[in-house]
Amino acid sequence: MAEKITLEKNDRLAVCWRSTFLQGSWNYERMQNGGYCYAMIPAIKKLYKTKEDQVAALQRHLEFFNTHPYVASPIIGVNLALEEERANGAQVDDEAIQGVKVGMMGPLAGVGDPVFWFTVRPLLGALGASLALGGSILGPILFWVVWNLVRWGFMWYTQEFGYQAGTAITKDLSGGLLQKITKGASILGMFVLGALIERWVSINFAPVVSEITNAEGSYIDWDALNEMAQSGNFGQAMHDAIAQANSGMYMDATRVTTLQDNLNGLVPGLVPLLLTFLCMWLLKKKVSPITIILGLFVVGIVGHLIGLL
């Protein structure tokens, strides 16, 4: 029986170091896939001895991937464990490895932004700035040192946590635990990505369906407020404008309803959902993602020029 191949601490450290450059080759087609594949290279070279196996492993990790760059570490850790078990003969297929990535990247992305971008970095930045404003060179140095210690410590320990968790998962391959986790992770990932459609996909049909003239006194008289402001009562004019808007008065004398307003009134988010389904269908038909992106650019520009979008 062949000796078991194991990823040593130095191998995992090399992977963690390379994951720092996760976004170094970010692209619109598969986003962070190049950086993810680059990070996995030391492990792949250690685990697979033949060129064919190494190429196959690299291709596995060139699939679409996108999450917060720091919280990618536990995902990498789990994949390291799965690749290690696969290299030692365990029945871990490509779908299992990719399913774990897809299932984890969405939920973890929602954690990374508020923790790092909106909490840790602003706090450390404020501390460093306060020292710098006092004339101390320690301000920027402290920010740089502490930020990188926090970042690197989090990346290393969460990668190790993912690696240990992944090893535990692969111990019960015969019981179907990995298949259950893969299926659950894929469902969760697709659910999160589906929920983001309404937020990130935006279409606005500009054609005007109707124009209704509002009754006198039902809309804000901006001319009167402007005259009040010019006479020196700017504060009172602002107060009246806010009060009238809060009371439910219309902003203009004419109420315009567009095609998009009607669609939003019927089924909000329907058109973005249909566009997403169209892109999925085109991908299933082997249409290149770059071609789809360029097509969306062309449709958007032409639609705007003719007044449709």
Roughly how far, to the nearest 0.5 Å, is [atom2] of [Y] from [atom1] of [X]?
X    : Y    : atom1 : atom2 : answer
E160 : R12  : CD    : CZ    : 4.0 Å
Q32  : N66  : CD    : CG    : 4.5 Å
K285 : M280 : NZ    : CE    : 13.5 Å
Q59  : D94  : CD    : CG    : 9.5 Å
Q159 : S73  : CD    : OG    : 6.0 Å
L282 : I292 : CG    : CD1   : 4.5 Å

Check for me whether the distance between the ring centres of Y70 and W117 falls short of 6.0 Å. yes

Test item: side-chain donor near acceptor, N33 and N27, under 3.5 Å: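 Indeed, the side chains of N33 and N27 share at least one donor-acceptor pair under 3.5 Å.
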
Modelled atom types, side-chain donor and acceptor of E63 and Y36, under 3.5 Å: no

Side-chain donor-acceptor pairs of residues 119-148 under 3.5 Å, sequence neighbours excluded:
{"from": "T119", "atom 1": "OG1", "to": "P114", "atom 2": "O", "distance (Å)": "2.7"}
{"from": "S130", "atom 1": "OG", "to": "A126", "atom 2": "O", "distance (Å)": "3.4"}
{"from": "S130", "atom 1": "OG", "to": "L127", "atom 2": "O", "distance (Å)": "2.6"}
{"from": "S136", "atom 1": "OG", "to": "L138", "atom 2": "N", "distance (Å)": "3.1"}
{"from": "N148", "atom 1": "OD1", "to": "R151", "atom 2": "NE", "distance (Å)": "3.3"}
{"from": "N148", "atom 1": "OD1", "to": "R151", "atom 2": "NH2", "distance (Å)": "2.7"}
{"from": "N148", "atom 1": "ND2", "to": "W144", "atom 2": "O", "distance (Å)": "2.7"}

Report, one line per pair, each donor and acceptor closer than 3.5 Å where one atom sits in a side chain of residues 37-48; sequence neighbours left out.
{"from": "K46", "atom 1": "NZ", "to": "T6", "atom 2": "O", "distance (Å)": "3.1"}
{"from": "K46", "atom 1": "NZ", "to": "D11", "atom 2": "OD2", "distance (Å)": "2.7"}
{"from": "Y48", "atom 1": "OH", "to": "R60", "atom 2": "NH2", "distance (Å)": "3.3"}
{"from": "Y48", "atom 1": "OH", "to": "E83", "atom 2": "O", "distance (Å)": "3.4"}
{"from": "Y48", "atom 1": "OH", "to": "E83", "atom 2": "OE1", "distance (Å)": "2.5"}

Can you name the nearest heavy-atom pair linking [X] to [Y], along with the distance?
X    : Y    : value
G34  : L62  : CA-CD2, 4.4 Å
H61  : N79  : CE1-OD1, 3.7 Å
I203 : L309 : CG2-CD2, 4.0 Å
R86  : V92  : NH1-O, 3.1 Å
S231 : M228 : OG-O, 2.7 Å
A72  : T67  : CB-CG2, 3.8 Å

Are [Y] and [X] connected in a single hydrophobic cluster, I mean Ile/Leu/Val/Met/Phe/Trp/Tyr linked by side-chain heavy atoms less than 4.5 Å apart?
X    : Y    : result
V201 : V287 : yes
L22  : Y157 : yes
L278 : L296 : yes
Y28  : I301 : no
L13  : I76  : yes

Should M105 and V71 be marked as a side-chain contact (heavy atoms from CB on, under 4.5 Å) after you check the CA-CA gap, both sets of side-chain angles, and the distance that decides it? CA-CA 8 Å; M105 68 182 183; V71 300; over 6 Å; no

Report the C-alpha separation of Q260 and N264 in whole Å, then their side-chain angles, then the decisive distance to 0.1 Å, and conclude whether the side-chain hydrogen bond (donor to acceptor under 3.5 Å, both in side chains) test is met. CA-CA 6 Å; Q260 189 62 47; N264 290 338; 3.0 Å; yes

Dump the intermediate steps for side-chain contact (heavy atoms from CB on, under 4.5 Å) on Y163 and V78, then the final yes or no. CA-CA 5 Å; Y163 176 73; V78 173; over 6 Å; no

Is any side-chain heavy atom of [X] less than 4.5 Å from a side-chain heavy atom of [Y]?
X    : Y    : value
L82  : V100 : yes
V208 : E211 : yes
L80  : E84  : no
L270 : L266 : no
T258 : P207 : no
W17  : W152 : yes

Do T50 and D53 pass the side-chain contact (heavy atoms from CB on, under 4.5 Å) test, and can you show the C-alpha distance, the side-chain angles, and the key distance before you say yes or no? CA-CA 5 Å; T50 67; D53 289 341; 3.1 Å; yes

F154 vs F116 aromatic rings, parallel, tilted or perpendicular, using cut-offs 30° and 60°?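 Answer is perpendicular, since the angle exceeds 60°.
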
Take M31 and F64 through the side-chain contact (heavy atoms from CB on, under 4.5 Å) test and state the conclusion after the steps. CA-CA 7 Å; M31 299 194 175; F64 175 88; 3.8 Å; yes

If you count the non-hydrogen atoms of other residues, nucleotides and ligands that lie under 6.0 Å from NZ in K9, is the total more than 12?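 Atom NZ in K9 is not crowded, with 12 or fewer foreign heavy atoms closer than 6.0 Å.
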
Take a 6.0 Å sphere around CZ of F277 and say whether it holds more than 12 heavy atoms from other residues, nucleotides or ligands. no

